[in-house]
Amino acid sequence: MNPKAHQPDSLPAPGPGALAQSEALAEQIRMEIAAAGDWLPFDRYMERALYAPGLGYYGGGSVKFGRRPEDGSDFVTAPELSPLFAATLARPVAQALAASGTRDVMEFGAGTGKLAAGLLNGLQALGASFDTYSIVDLSGELRERQRATIVADAPELAARVRWLDALPERFEGVVIGNEVLDAMPVRLFVHGESGWKERGVIVDGDGFAFDDRPVAAKQDTELLASIEAEGELDGDYLTETHDAARAFTRTVCTMLTRGAALFIDYGFPRHEYYHAQRAQGTLMCHYRHRAHGDPFVYPGLQDITAHVEFSGIAEAGVETGADLLGYTSQARFLLNAGITEVLGEIDPTDTTRFLPAANAVQKLLSEAEMGELFKVIAFSRGIEETLDAFASGDRSHTL
Ligand SMILES: C[S@@+](CC[C@H](N)C(=O)[O-])C[C@H]1O[C@@H](n2cnc3c(N)ncnc32)[C@H](O)[C@@H]1O
């Protein structure tokens with residue numbers, strides 16, 4: 001592919017090796033589009049761009065997570081921002097383990113391993129009894145990076161960590177996933193004068209372009225009719241549906257026979273998600289800490305993500321018979337869980353440690369940053385009481 005064709009001027013150019021990798025992936029996708037009758041639904045394009053073995057964004061070797069573009073990273077997540085995130089999350093995890101009488105933790109999409117290392121240390125510091133910490137990630141490439149982080153940051157607990165290639169049929173314990181649901185492929189739909197169409201991908205010269213096709217399946221037309229009613233749409237409207245994230249939630253909640261599953265991510269309940277004013281959808285790409293809306297830039301080298309529609313996630317979990325344990329903002333969850341106490345453990349006169357920690361807490365809690373956009377949703381089986389982290393400000397009724 002001619003890299004210039006899809007290189008917005010504002011984005012830094014990748015090196016020749018990365019470009020060659022992107023070109024190899026683009027060629028695979030072009031072949032798949034041709035084999036599928038010259039059109040692919042967007043979720044299939046997104047799946048290939050993110051997870052194609054060896055070449056996709058999470059399947060290949062790019063840096064991804066970090067604080068600055070200079071280190072080659074594209075975006076920062078809460079566990080990368082501050083160890084206080086994991087130290088605080090350890091509290092509801094410990095409470096859920098104790099309340100369900102279980103002893104194992106499972107993390108989906110563990111990134112660099114920072115959250116795992118922080119949770120392991122946090123659980124030990126709280127005196128929580130636990131046996132194993134299992135990691136499940138679609139990205140095999142990240143496994144070595146996770147292992148190195150855990151060995152460096154939690155050396156005494158590293159022997160309890162294992163990586164799973166397949167999910168067990170049953171799991172008793174606590175499941176965690178930070179920013180995993182937003183990394184699942186979405187389908188795109190556009191609404192205009194002629195009704196709904198599904199937005200897919202076609203080959204366009206050396207690159208790709210969008211192409212809209214009529215919606216045929218009854219299941220889709222019913223879902224889209226409910227979105228239309230929800231948003232009282234009028235005028236052009238682009239949005240997403242989240243079949244993969246819902247299926248994933250169903251799988252996890254079916255596997256969970258006792259314990260809790262907590263997912264932290266950015267998004268909204270359905271009535272906010274499908275609001276008429278959100279007419280451009282939420283699809284977003286991240287490359288070197290710059291956010292933009294073109295998923296065809298450097299396939300495999302940039303992250304592609306969409307906000308989570310939490311009402312659909314709640315329905316998917318509850319359909320399996322799991323209880324909805326709580327749903328609230330990240331700020332409320334972390335405050336309830338005691339993040340200010342965790343910060344208070346750092347000596348404020350030690351300014352080199354305290355000031356960056358206080359700044360990070362501000363980012364995690366601030367309404368203008370991550371505090372309000374990010375939510376925590378949790379499901380449970382066999383837990384009678386609610387978690388302290390949901391004790392006030394639970395918004396389950398808004399789903
Ligand atoms: C945005 S990253 C978040 C990484 C990390 N949790 C953090 O907060 O820094 C998303 C991660 O979810 C993983 N992922 C996506 N779908 C998954 C699935 N179905 N099962 C396991 N991991 C998945 C990706 O491979 C990737 O590592």
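Since this is a predicted model, take the numbers as computed values, not measurements. Throughout, numbering of the chain's residues begins at 1 and tracks the sequence. In what follows, every heavy atom counts, from backbone to side chain, and hydrogens, waters and symmetry copies are set aside. First listed ligand is number 1; within each ligand, the first listed atom is number 1.
Arg395 forms no cation-pi arrangement with Tyr327, by the criterion of a distance under 6.0 Å to the ring centre and an angle within 45° of the ring axis. In this structure, Arg258 forms no cation-pi arrangement with Phe171, as its terminal cationic atom is not both closer than 6.0 Å to the ring centre and no more than 45° off the ring axis.
Every residue two or more places apart in sequence or in another chain that forms a side-chain hydrogen bond (donor to acceptor under 3.5 Å, both in side chains) with Asp388 is listed here: Gln95. Not counting sequence neighbours, Thr254 has no partner by the side-chain hydrogen bond (donor to acceptor under 3.5 Å, both in side chains) test.
Among pairs with a residue in residues 107-151, those fulfilling ring-ring contact (aromatic ring centres under 6.0 Å, His included) read Phe108-Phe248, at least two apart in sequence or across chains.
The protein residues lying under 4.0 angstrom from ligand 1, judged by non-hydrogen atoms, are Tyr51, Tyr58, Phe65, Phe75, Thr77, Pro79, Phe108, Gly109, Gly111, Val136, Asp137, Leu138, Ser139, Leu142, Asn178, Glu179, Val180, Ala183, Met184, Phe248.
In this structure, the separation between CD on Glu372 and OH on Tyr266 is 16.0 Å, given to the nearest 0.5 Å.
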